[in-house]
Amino acid sequence: MAEIKLEHIYKRYPGNDADSVTDFNLDIKDNEFIVFVGPSGCGKSTTLRMIAGLEDITKGDLKMDGEVMNDVHPKDRNIAMVFQNYALYPQMTVFDNMAFGLKIRKMPKDEIKKRVDNAADILGLTDYLQRKPGALSGGQRQRVALGRAIVRDAKLFLLDEPLSNLDAKLRVQMRTQIAQLHQRLKTNMIYVTHDQVEAMTMADRIVIMNDGKVQQVGTPDDLYNKPANKFVAGFMGSPSMNFFDAKLENGRVSNGKGLDVAIPEGRLKVLRDKGYEGKKLTVGVRPEDIHTEQVALEAMSDALVDAKVEVSEFLGTDSMLYSRTGDTEFVAQVNARDYHKPGEEVKMAFEMSKAHFFDDDTQVTIE
Amino acid sequence: MAEIKLEHIYKRYPGNDADSVTDFNLDIKDNEFIVFVGPSGCGKSTTLRMIAGLEDITKGDLKMDGEVMNDVHPKDRNIAMVFQNYALYPQMTVFDNMAFGLKIRKMPKDEIKKRVDNAADILGLTDYLQRKPGALSGGQRQRVALGRAIVRDAKLFLLDEPLSNLDAKLRVQMRTQIAQLHQRLKTNMIYVTHDQVEAMTMADRIVIMNDGKVQQVGTPDDLYNKPANKFVAGFMGSPSMNFFDAKLENGRVSNGKGLDVAIPEGRLKVLRDKGYEGKKLTVGVRPEDIHTEQVALEAMSDALVDAKVEVSEFLGTDSMLYSRTGDTEFVAQVNARDYHKPGEEVKMAFEMSKAHFFDDDTQVTIE
Amino acid sequence: MKKTSRFFLGILGLLLGIIWLFPFYMILTNSFKTPKGIFASVLSLPGNGQATTTNYNNSFKALDFISSLGHSLLITVVSVLILVLFSSMAAYALQRNKSKLSGALLMLFVSAMLIPFQTVMIPLTANFGQAHMLNMWGLMFMYLGFDASLSIFLYQGTMGSIPIAMDESAELEGANRFQIFFKIVFPMLTPITVTVGILNIIAIWNDYLLPSLVLPQNQYTIPLQMFFFFGQYTKQWHLALAGLTLSIIPVIIFYIFAQRYIIKGVTDGAVK
Amino acid sequence: GNSNSSSSSNKKVKITILQGKVESNKQFKQIAARYHKLHPNVTITVSSIGGGTDYDPVLKTRISSGNAPTIFSLAGPADVKQFASQEADLSNTKAAKAAQPGTLDAVKSNGKTVGLPFNVEGYGLVYNKKIFKKAGVDATKLTTMAKLTAAVKKIDSQKSKLGIKGVFCLPGKETWILSDHLANLYVGQEFGGNALKMYNSKSMKFTANKEMKAMIDLQKNYSVGPVMQQDYSSQVNQNFSQGKVAMIQQGDWIYSTVEQIDKKFAKNDMGMIPIPVKGYENKLPVGTSLYWGVNKNKSTAEQTAAKNFLDWLYTSKEGKKLVVNKLHFVPAYKGYDDAKMPDALTQVVFKYSQAHKTIGWAFPAYTGTSWDPNTFQPNLQKYLSGKQSWNTTVKNSIKGWNEQQASK
Amino acid sequence: MKNRSLSFWLFLTPTLVALALVVFIPAIMGVFYSFTNWDGLGYTEMLGFKNYITLFHNSGFIAALWFTIKFVIVTVILLNVIGLALALLVTQKFKGNNLLRTVFFMPNLIGGLILGFIWQFIFTQAFDALGKAFHMAWLTGWLTDAKTGFWGLVIVTVWQMSGYIMIIYIAYLQNIPSEVIEAAEMDGASPWQRFVHITFPMIAPAFTVCMFLTLSNGFKIYDQNLSLTNGGPYKSTEMLAMNIVNTAYSENNFALAEAKALIFFLIVAAISLLQVYYNRKREVDL
Ligand SMILES: Nc1ncnc2c1ncn2[C@@H]1O[C@H](COP(=O)(O)OP(=O)(O)OP(=O)(O)O)[C@@H](O)[C@H]1O
Ligand SMILES: Nc1ncnc2c1ncn2[C@@H]1O[C@H](COP(=O)(O)OP(=O)(O)OP(=O)(O)O)[C@@H](O)[C@H]1O
Ligand SMILES: [Mg+2]
Ligand SMILES: [Mg+2]
């Protein structure tokens, strides 16, 4: 319903001597679902709060539908927000907490009731409507906070880790609900999460931040398959990508201690064209691109590594093999059928056609 | 370091008219890592708080090393706890927050400093030691809460969703730290989480609760592979198990609308012995036990289902196919290679040797 | 808050401030006038040969300012410290214990505030006189009795906004009740402590009736000395106004300093 | 004999004085110090109380807490009755014997004298000599109501020329001006100006009420207004001392207030004449408002020392000097014939009292009773602010008095 | 904290002891005296309920009671509205807000006589001057009758006490978590709505306290009464406390005063405690 532009936005909290958000740029298109991810403390909540108008923007412009909004009062921005720490009204019942924003807007009583009941139903809060927040469990509080946002017809929804206290099942359910809400309302949503799956499944585009700076903006697929730099590559995916410091020589990368694998033609050409022959670089291989099945070992015989399994974890369909080659540790995610006991020496095939290469200095992806 | 017994424990909050925890029984062995899981509001925090001594036990006995502890003062139980809502001391710096418990115990200054610095290092809080909680991000606050527990040599650690606000990467890291801590300290830990992966990888035993009642206690493997009832089966695993209401007839289960599959001999015998022939029962099939690869379709030709893909989600290595047969919805988790577009009609093979069967009335697993 | 509205708030504040300050303008200007000047025209500025600073000199001497300031300070500071300490403790006990008994005790404290002082003063001084407690120390104890109720009432009200999880967390870390209270809860009460402190300081600093009954003349406070300016017929306003100005300066200075603590909300970040 | 025991006894005695004239606090302390110098074995501690607090409650609390003073003050028959259990017999003191006739009437209890007067005070119409002169009025001739009224009208007609805002300033807020001082002249007549007699009376007639009304009306009609807004300080400090009115109904005690405002004016331009009352022309109401009492529950040594001190103060040569020059008291005792009063107003009082041209003070008979604050004063104020007729005022006052006396 | 526990009592003992010795024992003695003919020094007979019977026929007492009740109603409303408004004003972010707090609070630093002195001059001179300058007759002649006396007392009380009430409200306002206010802002509440629905309910304890204080102080008020009107003219502005004090000290009827005080206490206690009880029930802990 709105186009939102963040132009060169900076934030410095009084008392801190570094910016908490640096040169943030983002164009949110109409009806887009944006997800912010990034490590704890990277500035996600801060950015959200600036969009909401709860924090002053230190520098830069926030525009909605072309208008600069920096000085517009939060209540006039028509934004709904779910706070990371709930911020429920302690003196009101669950019902009143959700109804408050509607009452304020003078919605008819029965319409309010309808909406709140509906939201309570979706959120499994029907039994708690008359309780006060003090007598709710952590997850229940979070759901109330969510309900407070979804009953409203806001132009923009800001959700700061709205599901972090919910169990997996409810999470999946809520995820679907939020996606449907987004479909139905055709509003913009900005969603902060630290859950990979949430980010991957819900986002139209993901903004990945680190240390106050945007690292990459793109679709989930982009970020996963074409990470802009080592940080993004390492952050997306769980368990995260394995990195090896190595040298490119004779069409192979090796670190002299265990790793010595050939690089497929096409990729090698790019690396050579960019002048990395004989130079150091970082090789990234995702755990799921490391294989132990016989078929794979045979198919990728020029990219075999001798590894020792140190810990093996069983996770339903898959097993994680925490392994070591030379003095480098890495993780392989293999089918549960290919189970290996800790201590076993195993040959592993690295699927180098899916490997990533990063400049050793700038950490930027080489492509 | 301690053996903890919970015997027929009940909790009713004043003002509620139902028990929040009902007949809770658990024997925690020395040095065991117990994880509580269950849907929001099922009573996990409440149980933890009773163990800590923060809530009165309405009925039943809590024993530690054989002694009844119901009336022992919390401070004399030597328990460290991470609160779901942090409970940081706002007027103290991060350092002082962590050091408080040690100062109270009159530990020498330099020893305190060593421990706190060490914990801060593990938790990535070294730069924030002099800040007050008010100037920290959500995740940073949670780490401080965690740090406050780990600096202490408690007999028992209670952790209430200690990682819910951390990003995936930090979570994995912290998970490992906590596991190591557990190894090193050889203490009992009770850990509440809603994260499947956490529960599966960290627990010696998992306690799964619903609506105040313990549903099953067992190893992760037990719970995943031998769920005691439909609730447990549905709760463990993500996406969760697909359930079909069906009837057992002629060695097949069918619901008349799309599902009609044969049951392998061994399992069939059990069902018949228990007298389910011709009766209604619930069939549970995990998403990962539904296959679309040609090989599987051929191998399990007597358990094929015609389905229509409604939504398909891409998740790195796998794809989720949200599908429908007849009027029953279900999810299949297939290899990303076996991608199917929404709307496609696909034949799917149900791996019935891994299926679960539940009594229609009691919802208990039939075995 | 945007600039324009800040500006208008400033203007509104300024206007109200002027209205509030007007009586002080009168006190200050008249304290610099001769007695004749005061009554010639109370509202005008000192001038016309009626301006003088000798009032301050004389008042300073007549009040025996240094020694009565000392008594005032000693009595006020000690009484307020005792009050803050004991009443916050009592409020803590009452707030964290939600029972009928504590409800009743609170009501007992509260109802004590309703008893008019004049009706207890004779039995009170009689009792204390018999115990040889009609002196500074007895006075301090009486202030605890008279003013604890209000302080407890104020403390008890804000205590509710300190999450009980704070206590619980400290309790699990091995702190006993006193440690929990003094190390965790009390520091979080700073804004209300400052408020309680200020309210009691002004009440005690200005109190006249009780000390006049209790203190021997060699322990007189400023207000008691000040009443020597008010004979039955000769009221020496010029000295009294100068004396008042002298005696409220310490309190104003204190108040300005203390404000910083009221302003600094300390509980942020406590609640998730 | 009490007289020589203090000098002969060398046992140390400590006595305490609690008194309510805070304006004389310093002077009393100096006198106490002087006495200690002369009699080193007697130490006197003076505490003064007043100002914001009434004297009586403090005295009561001191007594009930066991800190009763040796010497305290009494304000009339009501106090004498109240503190009867504390009052030592002072009949045999030198001072009592030297007291002027009539001054001890109010402090007689069962034939014993229990109080010694502080001093005598007198009140009348205090006037501004300059203004009177300018207006051409001789104050000393205003001995009848008619003359006074004429003079007032004359002065009033020249208001602007004289630079005054009114002839009088009648402070409607200070109820005692009317109820105690003025009424004394018209009510007190019935009881011969004897407070004790009035205190013990069963009823009151108030026959002179019409004359009182005339006097009130005169003061009110020619007062700066509104009278209900005027109080002591606007009367004395603001109007009279600054030359804004020609005269006020006040007493010798205003001297120090006026002096504070304008020393020269106080010294040169103030005079006082009696209020003209039919049958009592040229008589000044002079009386005693405070008496010293000695606590009979103290040791005899202490009591004796206290009596000796009072004797010394009022009858010794040095004491007399201090009374007149330091305390500025008009003495209530004989033996001051050659004394020279320090200011114009006390001189007037002294003159009249030496000449026995005085009217007694009967009002202490009711100042300590509830009739005064609850009946008489409110009724007078109601009349003054025009809320009630004079007849009702009189009727209510008489009724109230009779009721109070009946229930005693 | 359990009330069975030792620490509960340890925390309470100092104040309980002081309260008992300083307030309750003397008050109980006072109640006893009200049944005698006590004169402040001693008593000679037991009178039973005689004083209580007298007091209901005492027109002064009844008048003072009504006057006080009117006064309390007006000042409780004004003080809470103005005190809270001032608190809200000075907790906004603008230049000089801290200075203003000091200014609004300063009247509390002046006690008794001087207060009356200053305000008499304001009423009689400043008001008169203003009234003449702007031709507003109602500004002239203040304190000369019951009506202006009443409003005079109200004005002085409000001027003096609203700063007091203000700082109590401020202390509680500071305790509201900022997120909750922010959440309301996001919900679209205007400043006024935020105040009504969020801020005010969250400072409910302050409201309870301030209601109580203004109520009980209004009933007990004495200094301002004494210094400004001294009950006059013709007792029309005499309030309860003054009536009681006068009964004791001017009329020397201590026993009757104690009886009046007890009745007075019962009335005030009933109103105030009911208010506290009712308001406390609505408050919530975080
Ligand atoms: N103080 C309280 N008063 C009344 N009921 C309460 C109180 N605290 C919790 N409850 C109720 O008790 C039940 C269990 O709460 P509990 O906090 O133990 O849940 P939980 O399992 O920790 O949930 P979550 O994962 O959401 O934190 C809930 O239904 C909750 O509403
Ligand atoms: N009020 C504040 N004052 C000073 N610094 C702050 C304040 N709030 C946050 N910060 C700092 O700003 C940085 C960004 O904080 P922010 O809350 O935006 O992180 P986040 O990305 O939301 O992290 P999380 O996932 O842990 O919630 C952090 O380093 C934090 O310490
Ligand atoms: Mg955040
Ligand atoms: Mg919980």
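The sequence lines fix the lettering, A, B, ..., with proteins before strands; numbering per chain opens at 1. Please read these numbers as outputs of a predicted model, since none were measured by experiment.
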Practice prompt. Report yes if the side chains of C:F86 and E:V17 come closer than 4.5 Å at any heavy-atom pair, otherwise no.
Written response: no
Worksheet item: Between C:W205, C:F109, C:F117, which residue shows the highest count of heavy-atom pairs closer than 4.5 Å to chain E?
Response: C:F109
Discussion item. Using the ring centroid of each side chain, check whether E:F11 and C:Y92 are separated by less than 6.0 Å.
Written reply: yes
Worksheet, complete the sentence: Bottom line for E:L10: the part with an atom under 4.5 Å from chain C's heavy atoms is both
Fill in: Derivation and outcome, side-chain contact (heavy atoms from CB on, under 4.5 Å), residues C:W20 and E:F105
CA-CA 9 Å; C:W20 246 257; E:F105 184 69; over 6 Å; no
Worksheet entry | Structural part of E:L21 lying under 4.5 Å from a heavy atom of chain C | both
Practice prompt. Could you tell me which portion of E:I168 (side chain, backbone, both or neither) has an atom closer than 4.5 angstrom to a non-hydrogen atom of chain C?
Written response: both
Worksheet item: Does any heavy atom of chain E fall under 4.5 Å from the side chain of C:I82, the backbone, both, or neither of them?
Response: neither
Worksheet item: Side chain, backbone, both or neither: which part of E:A241 has a heavy atom under 4.5 Å from chain C?
Response: neither
Worksheet item: Measuring heavy-atom distances to chain C, does E:L266 have an atom under 4.5 Å in its side chain, in its backbone, in both, or in neither?
Response: neither
Item to complete: For residues E:Y33 and E:F254, establish whether the separation of their ring centroids is below 6.0 Å.
Response: no
Discussion item. What part of E:L19 gets within 4.5 angstrom of chain C, counting heavy atoms only: side chain, backbone, both, or neither?
Written reply: both
Worksheet item: What part of E:S162 is in contact with chain C, defined as an atom under 4.5 angstrom from a non-hydrogen atom: side chain, backbone, both or neither?
Response: side chain
Worksheet item: Where on E:F24 is there a heavy atom nearer than 4.5 Å to chain C: the side chain, the backbone, both, or neither?
Response: side chain
